[in-house]
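Below, chain A is the first sequence line, B the second, and so on; all start at residue 1. Because the structure is predicted, anything quoted here is derived from the model rather than measured.
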Amino acid sequence: MKWSETFIPTLREAPSDAEFTSHHLLLRAGYIRQLGAGIYSYLPLAQRVIQRITRIIREEMDRIGGQEFYLPALHPAEIWKESGRWEIMGENMFRLRDRYQRDLCLGMTHEEVFTTIIRDAVRSYKELPQIWYQIQVKFRDEPRPKSGLLRVRQFLMKDSYSFDVDWNGLDRSYQKHHQAYCSIFERCGLKYIAIQAHSGAMGGTGSEEFVVRSEAGEDLVVFCSTCGYAANREKASTRASRVVDTAQDLEPELVHTPGQKTIAQLCEFLRIEPTHQMKSVVYMADGKPVLVLVRGDCEVNEAKLESALGTQEFRPAHPDEIRQFFGADPGSLGPYQLSGVKILADHSLRGRKNLVSGANRDDYHYKNLTPGEDFRPEYFDLRNAESGDPCSLCGKPVEVFRAMEVGHIFKLGLKYSESMSAYVLNEAGRRIPLVMGSYGIGLERIVCAAIELYADNDGIVWPQSIAPFDVVISQVNSNDEEQTRVSADLYSKLKDSGAEVIWDDRNERPGVKFKDADLIGIPYRITVGNKIKHGKVEIFQRAQRTQHEVEIGAALVTLSEMRGGHGIRSSSSPQS
RNA sequence: CGGGGCGUAGCGCAGCCUGGUAGCGCACCUGCCUUGGGCGCAGGGGGUCGGCGGUUCAAAUCCGCCCGCCCCGACCA
């Protein structure tokens, strides 16, 4: 393509709304425009990137036997009511009514639709397994869209679903996806890691997230560089650091602690460490109060709490509820001599002695509380893993970092097949529910991750495999006939070789062309300028910012060598 | 939903406090000039000042309501 005929509206200054690198650069380099909160238009450059990612995904999904569908985004309410998700999805689902007042929604995922297809069409175990996928727009009424393309209300997802006759089959389908995902992210040039993920309340027996380390991400990853343990912090368990208690077992002692509400204040006032305190947090679960205890230096992890409680119906208690059940305000709460309130404690408190906690009386605390003696909690893993905690596998300190989720694979199990009656007959002629898996990839997340990973001060640096163009020919002077001739010749030869190439033929100053080429992030630039008088052009590598002068006739060969011989290829390998 | 901020030309902003018929930079158009890192000179076009209502002789400016967007928090199959 000729640049002069292509819509690439680059900006010298980005709209002030852009916070993160990827958002800022996508806007400034002319890839996207915002239409509303969390709604973006993808301009030709972005569309090209998306298409290349799509192609990689298709190839890898097809390789594991996936079959591509295209499903509706507009769904009748009935199927969502059938699965129970019409209620569960709550405010997150876009809902609408048609002219006859029928309820409809915009699809968030497509378990329901695929399940209706398979339940009506497949009767026998002989027709399984199946892996079905699609690349489709998804809708989510995010409470707070943000960070450009990272958290939006309409986005592209490759979602696939596996249908097996048994759990071993599911394991195989899941493993296939795992492999496919590794290939996809590797080919897209991402440095990714696969981490254990929170299964959530949707049921299911296992799930992994594929994430890319980035400050722009919203996930927290607990990672052990020694043994490779990696998990989402929603799920990650680590050992709490060791604490030594005083040897003797003392009797509970009420102490007056006027105005001392926080862990830090008590440390000061009583001259103790946070690790010798118990933090009391109150939740209302299914309408009843629950006291959650963690060590003073720890935080409650609500995803783990959800598992411990076995319900999604919980929330932090309101101040008046706390007063009602405890007779004191937050800051003076504790488990001792508490009745009518269920007590959950984190494992880190098991076996501890002589701890400090609130007395359920304002301005008073108890010293010398011993879990298991002075009160009897149920123990669970309830605390957030923290950077520096000993790894639960190898004991070496873990690190915690931010990352963005680019994919998620999930063993669903029987949830949809049972609720939506998707059964087949097995060899014995018995009616059995399909065992399902679901697997997602966020296309825009790949775009953002690549930008966040590799961008520099001059703009985007694309991995070769997903760049909108492989190479740009920057003709320094568009009025120079000799330069035009050389550029045209290189252009057609490059195109013939199968490369995606754009020829910057604009009547602009060279500086403008170089800045734009850098900004939009094309991996290679061939500069056709004065040096053609000596039979030379230059090849500039965007990522390394290095320049090579080559004979015009050798340009294609040199470029092809630099690119590793062929077009679709990632520039880096996975981190894990 | 709670807290904060913003809305003036395509983009970035000033003007608002103290009311008087809207401005700067970039971009854009024309001409000249120039062509190796966002040139130079000259001329020019473009804005119902987010919307509605109120106060006033007069509103971008003051007041009220609404809408939109951004950030923090809550939330996030």
Side-chain angles (χ1 to χ4, degrees), chain A residues 9-20 23-24 27-30 33-40 80 83-93 105 107-112 138-148 150-153 155 157 159 197-204 207 209 217-220 232 234 302-303 306 312 315-316 318 404-405 408 410 412 415-416 438-440 442 457-459 474-480 483-484 504-519 525 527-533 536-538 540 545 547 549:
Chain A
T10 59
L11 301 168
R12 295 209 181 180
E13 293 172 282
S16 53
D17 288 344
E19 286 279 309
F20 286 102
H23 186 199
H24 176 95
L27 240 20
R28 196 153 95 81
R33 286 295 183 265
Q34 183 173 23
L35 189 60
I39 311 173
Y40 287 87
W80 287 79
S83 71
R85 295 209 295 176
W86 182 258
E87 284 77 28
I88 290 170
M89 290 307 187
E91 302 272 78
N92 287 320
M93 190 154 70
C105 66
M108 302 177 71
T109 58
H110 283 73
E111 281 85 353
E112 283 82 358
K138 297 284 190 280
F139 295 91
R140 238 199 239 189
D141 194 359
E142 285 291 339
R144 187 150 92 80
K146 60 176 186 177
S147 312
L150 236 42
R151 185 154 292 277
V152 288
R153 296 195 290 176
F155 57 97
M157 188 186 234
D159 50 324
H198 181 58
S199 301
M202 297 308 295
S207 85
E209 266 176 71
E218 296 184 301
D219 283 12
L220 287 170
N232 191 306
E234 289 185 337
E302 294 197 352
E306 179 184 314
Q312 272 187 294
R315 56 165 173 81
H318 300 145
M404 62 173 83
E405 178 184 6
H408 202 154
F410 212 104
L412 275 181
K415 176 179 170 63
Y416 295 90
S438 94
Y439 317 88
N457 288 332
D458 296 304
S474 296
Q475 181 180 342
V476 170
N477 184 345
S478 61
N479 297 318
D480 184 309
Q483 288 183 19
T484 304
D504 194 348
D505 60 332
R506 293 176 298 169
N507 186 16
E508 289 283 359
R509 308 268 313 172
V512 173
K513 299 185 192 185
F514 297 152
K515 288 285 185 191
D516 273 346
D518 287 351
L519 181 61
R525 184 180 85 213
T527 308
V528 178
N530 277 331
K531 288 173 186 162
I532 58 167
K533 288 174 186 153
K536 304 258 172 108
V537 294
E538 286 143 321
F540 176 78
R545 296 205 69 81
Q547 189 140 271
E549 208 168 279

Evaluation steps, side chain to side chain contact (heavy atoms under 4.5 Å, CB included), between A:Thr484 and A:Gln475
CA-CA 7 Å; A:Thr484 304; A:Gln475 181 180 342; 2.8 Å; yes
Criterion side chain to side chain contact (heavy atoms under 4.5 Å, CB included) on A:Leu150 and A:His23, from CA distance to verdict:
CA-CA 8 Å; A:Leu150 236 42; A:His23 186 199; over 6 Å; no
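Annotation: B:rG38 and B:rU48 have their P atoms spaced 35 Å apart (nearest Å). For the C1' atoms, the distance linking B:rU55 with B:rC63 amounts to 7 Å, nearest Å. Nucleotides B:rG47 and B:rC66 have their C1' atoms positioned 23 Å apart, rounded to a whole Å. Spacing of P atoms, B:rC6 relative to B:rG23, comes out at 24 Å, to the nearest Å. Rounded to the nearest Å, the gap between the C1' atom of B:rA9 and that of B:rA60 is 14 Å. For B:rC67 and B:rG51, the C1' atoms lie 7 Å apart once the distance is rounded to whole Å. Comparing B:rG4 with B:rG44, their P atoms are spaced 47 Å from each other, to the whole Å. Rounded to whole Å, the P atom of B:rC16 lies 22 Å from the corresponding atom of B:rA58.
The CG-C1' distance, from A:Asn477 to B:rC33, rounds to 13 Å in whole Å. Between the NE2 atom of A:His318 and the C1' atom of B:rA74 there is a distance of 11 Å, given to the nearest Å. Put simply, CG on A:Asp17 is 12 Å from P on B:rC72, counting in whole angstrom units. With rounding to whole Å, A:Arg506 atom CZ is found 12 Å from B:rC39 atom P. Across the protein-nucleic acid pair, A:Ile39 atom CD1 and B:rC70 atom C1' stand 15 Å apart, rounded to whole Å. Distance, A:Phe20 CZ to B:rC71 P: 9 Å, rounded to whole Å. Rounded to whole angstrom, the span from the CG atom of A:Asp458 across to the P atom of B:rG38 amounts to 12 Å. Note: NZ (A:Lys515) to P (B:rA27) measures 14 Å, nearest angstrom.
Side-chain N/O atoms of A:Asp518 and base N/O atoms of B:rG37 include a donor-acceptor pair closer than 3.5 Å. Residue side chain A:Arg144 does not reach the base of B:rC76 through any donor-acceptor N/O pair under 3.5 Å, judged by distance alone.
Going from atom CD1 of A:Ile88 over to atom OG of A:Ser83 covers 7.0 Å, rounded to the nearest 0.5 Å. Annotation: the span from A:His198 atom NE2 to A:Asp219 atom CG amounts to 12.0 Å, rounded to 0.5 Å.
Here the side chain of A:Met108 is nearest to one of B:rA77, B:rA74, B:rC11, namely B:rA77. For A:Val476, the listed nucleotide lying nearest its side chain is B:rU35; candidates were B:rG37, B:rU35, B:rG25. For A:Met157, whose side chain is taken as the heavy atoms from C-beta onward, the closest listed nucleotide among B:rC69, B:rA77, B:rG37 is B:rA77. Across B:rG12, B:rU35, B:rC72, the shortest atom-to-atom separation from the side chain of A:Pro15 is found for B:rG12. Closest to the side chain of A:Glu13, out of B:rU34, B:rG25, B:rA74, is B:rG25. Of the candidates B:rG36, B:rC71, B:rG38, the closest approach to any side-chain atom of A:Val512 belongs to B:rG38. Relative to the side chain of A:Arg509, the nucleotides B:rG73, B:rC76, B:rU35 differ in distance, and B:rU35 lies closest. Proximity note for A:Gln547 (side chain, C-beta onward) versus B:rG36, B:rA77, B:rG12: the nearest is B:rG36. Between B:rC28, B:rG73, B:rG37, one nucleotide has an atom nearer to the side chain of A:Glu508 than all others, and that is B:rC28. Here B:rC75 is the nucleotide among B:rC70, B:rC75, B:rG38 with the atom lying nearest to any side-chain atom of A:Pro143.
Nucleic acid contact for A:Arg33: none, since no nucleic acid atom lies under 4.0 Å from a heavy atom of the residue. Residue-level contact check: A:Arg315 touches neither bases nor backbone, having no heavy atom under 4.0 Å from any strand. Using a 4.0 Å heavy-atom cutoff across all strands shown, A:Lys531 reaches at least one base atom of the nucleic acid. Among the atoms of the strands shown, base atoms are found under 4.0 Å from some heavy atom of A:Glu538. If you check every strand for non-hydrogen atoms under 4.0 Å, A:Ser147 touches sugar and phosphate atoms only. Nucleic acid contact class of A:Asp480 (heavy atoms, under 4.0 Å, all strands): none.
Checking side-chain atoms of A:Arg85 against main-chain N and O of A:Trp80 turns up no donor-acceptor pair under 3.5 Å. In this structure a side-chain-to-backbone donor-acceptor pair under 3.5 Å is missing from A:Glu508 to A:Lys513. A:Arg33 places a side-chain N or O within donor-acceptor distance of the main-chain N or O of A:Leu27, the cut-off being under 3.5 Å.
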Would you list the protein and nucleotides 7-10 of chain B atom pairs, both N or O, that sit under 3.5 Å from each other?
none

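Shown here is A:Glu87, whose CD atom has more than 12 heavy atoms of other residues, nucleotides or ligands within 6.0 Å.
Within the structure, a side-chain polar atom (N or O) of A:Ser16 is placed less than 4.0 Å from OP1 or OP2 of B:rC13. For A:Gln475 and B:rG36, the shortest distance from a side-chain N or O to OP1 or OP2 is not below 4.0 Å. Between A:Arg140 and B:rA77, a side-chain N or O to OP1/OP2 separation shorter than 4.0 Å is absent. Taking side-chain N and O atoms only, A:Arg12 has a distance below 4.0 Å to OP1 or OP2 of B:rA27.
The shortest distance between side-chain heavy atoms of A:Trp86 and A:Glu112 does not fall below 4.5 Å.
With sequence neighbours left out, A:Lys146 forms a side chain to side chain contact (heavy atoms under 4.5 Å, CB included) with A:Arg144, A:Arg151, A:Glu218.
The pair A:Arg525-A:Asp504 fails the salt-bridge criterion, with no side-chain N (NZ, NE, NH1 or NH2) lying under 4.0 Å from an Asp/Glu carboxylate O.
Look at B:rC1: its Watson-Crick or wobble partner, with both distances under 3.5 angstrom, is B:rG73. Figure legend. B:rU35 is base-paired to no nucleotide; pairs are counted as Watson-Crick or G-U wobble with both atom distances under 3.5 Å. Under the Watson-Crick or G-U wobble criterion, with both distances below 3.5 Å, B:rU18 is left unpaired in every strand shown. Base pairing annotation: B:rC28 forms a Watson-Crick or G-U wobble pair with B:rG44, both donor-acceptor distances under 3.5 Å. Here B:rG53 sits opposite B:rC63 as a Watson-Crick or G-U wobble pair (both hydrogen-bonding atom distances under 3.5 Å).
The residue among A:Gly511 and A:Ser438 whose nearest nucleotide of RNA chain B lies closer to the 5′ end is A:Gly511. Comparing A:Arg151 and A:Tyr40 by the nucleotide of RNA chain B whose heavy atom lies nearest to each, the residue mapping closer to the 5' end is A:Tyr40.
Side-chain contact of A:Glu19 with A:Ser147: a donor-acceptor pair under 3.5 Å is absent, judged by distance alone.
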